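The structure under discussion is supplied below as structure tokens; questions concerning it will follow.
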Amino acid sequence: MKLFVVELRRFASRRSNQVLVLVAIGFMLLSLSGLTMSSHSPTAEEVSTAETQARESREELAGEYDECAVQSSDPARDCGHLTSGYEIDASQFLPGVVVFSEDAADQLSFLFVVFAFCGLLTAGSFIGAEWTSGGMTNLLLWQPRRGKVFAAKTGAAVSMVSVVTWGYTLVHLGALWAISATRGLVGDLTPTWWAATFDLAGRLFLVVVLATVLGVAFAMIGRRTVTGIAVVIAYLILVEYGGQLMSLVIGASIDDLILSTYLVAWINDGLDTMRPDYTVVETTPGWLGGLVLIVVTAVVTAVAAVRFQRQDAN
Amino acid sequence: MSVTHVDTTPPSPVIEITGLRKRYRSIRRPGTTALDGLDMVVHRGQIHGFLGPNGSGKTTTLRILLGLAAADHGRMRVFGRPVPQCLPELSDRIGAVVESPRFFGSFTARLTLSLLAGTIGLPDVRVEEVLTAVGLRDRADEPVKGYSLGMRQRLAVASALLKDPDLLILDEPTNGMDPAGIREMREMMRGLAADGMTLLVSSHLLSEVEQLCDTMTIVSRGRRVTHGRVADIVAAHTSDSVTVTLADAAEGARAAEVLRRAGLAISGRAERVEVSGAESPAAVTRLLSDKGIHLSGLTRQAADLETVFLRLTGTAPVDGRYPQIDHSLLPPAARSTPDERELTVTVSEGAES
């Protein structure tokens with residue numbers, strides 16, 4: 001516990017982390033100021049027009065669904081994507097108006113994706129700088145149990161990133177609600193909305209945690225701050241981008257082999273993907289996406305822990 | 001009549017290293033043998049010098065002893081207990097500075113020490129004590145990146161003292177320090193040893209070692225060359241020769257003849273003659289003055305630690321050529337054999353008593 005508290009202090013004392021938090025606060029102030037200035041309370045006429053447009057869109061999509069269903073032997077499979085049209089409501093037709101019930105999920109997703117990236121970066125920097133500055137060697141003279149050191153540093157990085165992520169997000173969404181209440185629309189915050197929002201936040205938070213753990217693990221393996229970022233960039237170029245190009249050449253889908261499939265499946269609680277012949281829809285369930293992400297992170301972390309345990313500290 | 005029994009048993013060893021071997025392997029380059037069966041013993045309350053040419057395995061030994069690197073073979077005990085197995089239980093009793101001092105640049109000295117102290121729950125007052133002891137108290141709130149090498153060295157020593165350890169291991173503790181700092185460090189180490197602390201000091205400042213250390217181990221190419229009391233080792237390599245300087249250079253040939261007839265070995269020419277084999281310097285003086293040859297000087301050829309070190313490690317320049325790294329003297333193979341595969345490092349429990 002003492003070591004964990006020390007690592008929390010060490011993480012919080014790092015200037016780069018403090019600067020990052022200040023930059024994030026600056027970004028929040030700027031973005032919220034922009035939203036405040038660009039939003040306005042809709043007039044009754046704007047609301048009426050939006051409701052009309054929403055109703056027309058719903059009717060149009062319903063017609064498309066009916067047409068599709070007549071021609072299909074399995075409407076649920078072939079026409080399912082058209083059912084999303086029924087979620088259309090008037091708030092989507094109010095340009096220049098902040099609608100909390102509509103915008104919160106997008107803001108939440110954006111913030112958590114940014115924090116996942118920051119988690120990877122700051123955790124990598126936290127560990128990499130310890131190696132390059134000699135701090136790790138100094139620490140091991142005080143605490144020779146390397147497993148304990150690894151756990152304390154990982155725990156501290158995850159804890160601090162989590163606190164900042166939730167703290168920032170709650171303040172940001174609170175401010176968004178205040179803007180929507182005063183210069184926009186709050187919208188319908190139904191129990192379904194709250195459940196869906198909490199579900200999304202939970203899924204995104206797991207991504208933030210896993211990214212932070214990966215940042216620690218990669219930096220432990222490479223003993224450099226940039227290792228995590230370098231691995232992610234190399235993976236994106238070689239596997240995600242290169243793999244997609246290769247799949248076009250060989251005419252076979254590689255969706256099952258790339259992490260982005262499982263990442264999106266986890267965040268969206270399921271992902272429908274089509275084979276190259278566009279005939280069969282494959283569904284990757286959300287739980288499988290999460291499981292794959294957790295297993296990959298666990299394997300990388302285990303490799304890092306074993307290397308840290310066995311290799312000489314320089 | 002009372003009888004006083006004097007305990008003549010040597011103090012219990014704090015560090016015992018036997019047959020330590022370490023080879024650094026590389027895929028791209030041939031491997032390097034850093035330690036080749038090294039033996040070393042450090043007893044309680046001693047200041048033990050650990051000397052050797054660059055690349056002779058000193059730092060590797062200290063790193064293995066402290067659990068930062070793994071040995072291939074050998075046994076180590078600290079306070080009587082095997083290490084690295086028991087290192088977690090012993091780490092609170094061992095303070096160490098290994099290699100050049102490196103710290104996180106944007107942290108202050110106070111924060112750096114406070115974080116280390118926090119790992120074992122030491123109070124902040126202890127941080128202030130060691131900052132004062134190493135002379136950094138007034139600069140403790142500056143980022144370490146602005147520190148000179150000597151100041152970083154002081155900070156490193158402060159971090160090693162923080163635990164108030166029973167065993168202090170210092171690798172080049174005065175590196176980069178100014179003369180006053182070196183003197184302060186020497187006096188501090190003496191004081192710590194006087195209080196019962198055991199110190200293992202690796203240094204290239206041989207004059208410092210000669211002044212400071214009770215015992216020493218000299219290593220070359222991963223093997224022990226010699227060990228024992230500093231004074232004994234130096235004395236063992238001090239010859240009985242004297243250098244005679246004549247008042248009149250023209251008397252050189254006659255003086256040489258007188259000394260040779262007396263059965264003494266001589267070398268040198270003109271007014272400076274080196275004489276060995278004499279019973280004492282006074283005997284040489286008497287011999288020459290009896291023949292009316294007057295001296296202007298007579299110097300005993302006492303070896304210093306530097307001379308002994310260069311001779312024992314084979315690193316003295318010869319004919320203007322300087323020995324290269326890893327070309328120092330290769331001592332005879334250590335006693336332990338490669339079959340001793342058990343690795344045990346001990347800091348002896350008896351040292352507590």
Side-chain angles (χ1 to χ4, degrees), chain A residues 1-22 122 124-153 155-157 160 219 223-225 306-314, chain B residues 22 24-25 34 59-60 62-72 83-92 94-108 110-122 143-145 152 155-156 158-160 162-163 165 169 171 345:
Chain A
M1 194 60 192
K2 288 173 193 158
L3 186 58
F4 175 70
V5 172
V6 163
E7 292 307 320
L8 287 178
R9 280 182 65 201
R10 194 192 307 277
F11 192 97
S13 300
R14 298 200 65 221
R15 188 168 296 171
S16 60
N17 292 344
Q18 294 167 349
V19 168
L20 201 60
V21 168
L22 289 176
T122 55
S125 171
F126 179 52
I127 301 299
E130 282 285 284
W131 279 114
T132 50
S133 72
M136 191 69 82
T137 304
N138 288 340
L139 182 58
L140 290 175
L141 293 176
W142 284 69
Q143 179 47 270
R145 288 189 178 91
R146 296 192 183 191
K148 209 170 172 180
V149 171
F150 189 95
K153 286 195 175 289
M160 292 302 286
R223 298 187 175 184
R224 293 284 184 280
T225 295
V306 169
R307 177 174 155 78
F308 182 52
Q309 193 72 35
R310 294 189 176 173
Q311 291 227 324
D312 293 351
N314 296 311
Chain B
K22 171 74 174 178
Y24 290 110
R25 294 169 181 82
T59 299
T60 298
L62 301 184
R63 286 166 48 76
I64 293 173
L65 192 64
L66 294 164
L68 298 176
D72 297 330
V83 293
Q85 295 92 323
C86 294
L87 207 49
E89 293 87 63
L90 296 170
S91 63
D92 288 0
I94 305 171
V97 176
V98 187
E99 298 176 292
S100 56
R102 292 158 69 206
F103 298 98
F104 197 65
S106 63
F107 285 4
T108 64
R110 184 169 276 117
L111 177 60
T112 300
L113 295 180
S114 175
L115 289 173
L116 287 174
T119 60
I120 59 170
L122 292 176
V144 173
K145 65 185 171 192
R152 286 171 193 241
L155 179 57
S159 72
L162 205 51
K163 289 185 266 192
I169 297 173
D171 192 5
V345 180

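Model, not experiment: these values are computed from the prediction. Below, all heavy atoms of this structure are taken into account, side chains as well, without hydrogens, waters or symmetry copies. Every chain is numbered from 1, with letters handed out A, B, ... down the list of sequences.
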Please name the pair of heavy atoms, one in A129(A) and one in F104(B), separated by the smallest distance, quoted to 0.1 Å. CB-CE1, 3.4 Å

Name the member of Q311(A), R310(A), R14(A), K148(A) that forms the most heavy-atom pairs with chain B at distances under 4.5 Å. R14(A)

As an exercise, state the distance from OG of S159(B) to CG of L139(A), rounded to the nearest 0.5 Å. 11.5 Å

Interatomic spacing from CG in L122(B) to NZ in K2(A) - rounded to 0.5 Å: 8.5 Å

Most contacts with chain A, counted as non-hydrogen pairs under 4.5 angstrom, among P88(B), G67(B), G118(B): P88(B)

Matching residue for T119(B) among V5(A), V6(A), V149(A) - test: side chain to side chain contact (heavy atoms under 4.5 Å, CB included): V6(A)

As an exercise, state the distance from CZ of R102(B) to OG1 of T132(A), rounded to the nearest 0.5 Å. 7.5 Å

Per-residue contact mode, I169(B) against chain A (heavy atom under 4.5 angstrom): neither

Specify the closest pair of heavy atoms between R15(A) and S106(B), including all atoms of both residues, with the distance to one decimal. NH2-O, 4.1 Å

Contact between R9(A) and S114(B) at the side-chain level, heavy atoms closer than 4.5 Å - yes or no? yes

Based on non-hydrogen pairs under 4.5 Å, which of M1(A), E130(A), R10(A) is most in contact with chain B? R10(A)

Answer with side chain, backbone, both or neither: which region of A160(B) has an atom nearer than 4.5 Å to a non-hydrogen atom of chain A? neither

From CD1 (I64(B)) to CG (D312(A)), nearest 0.5 Å: 7.5 Å

Using 0.5 Å steps for rounding, measure from the CG atom of L141(A) to the CG atom of L87(B). 9.0 Å

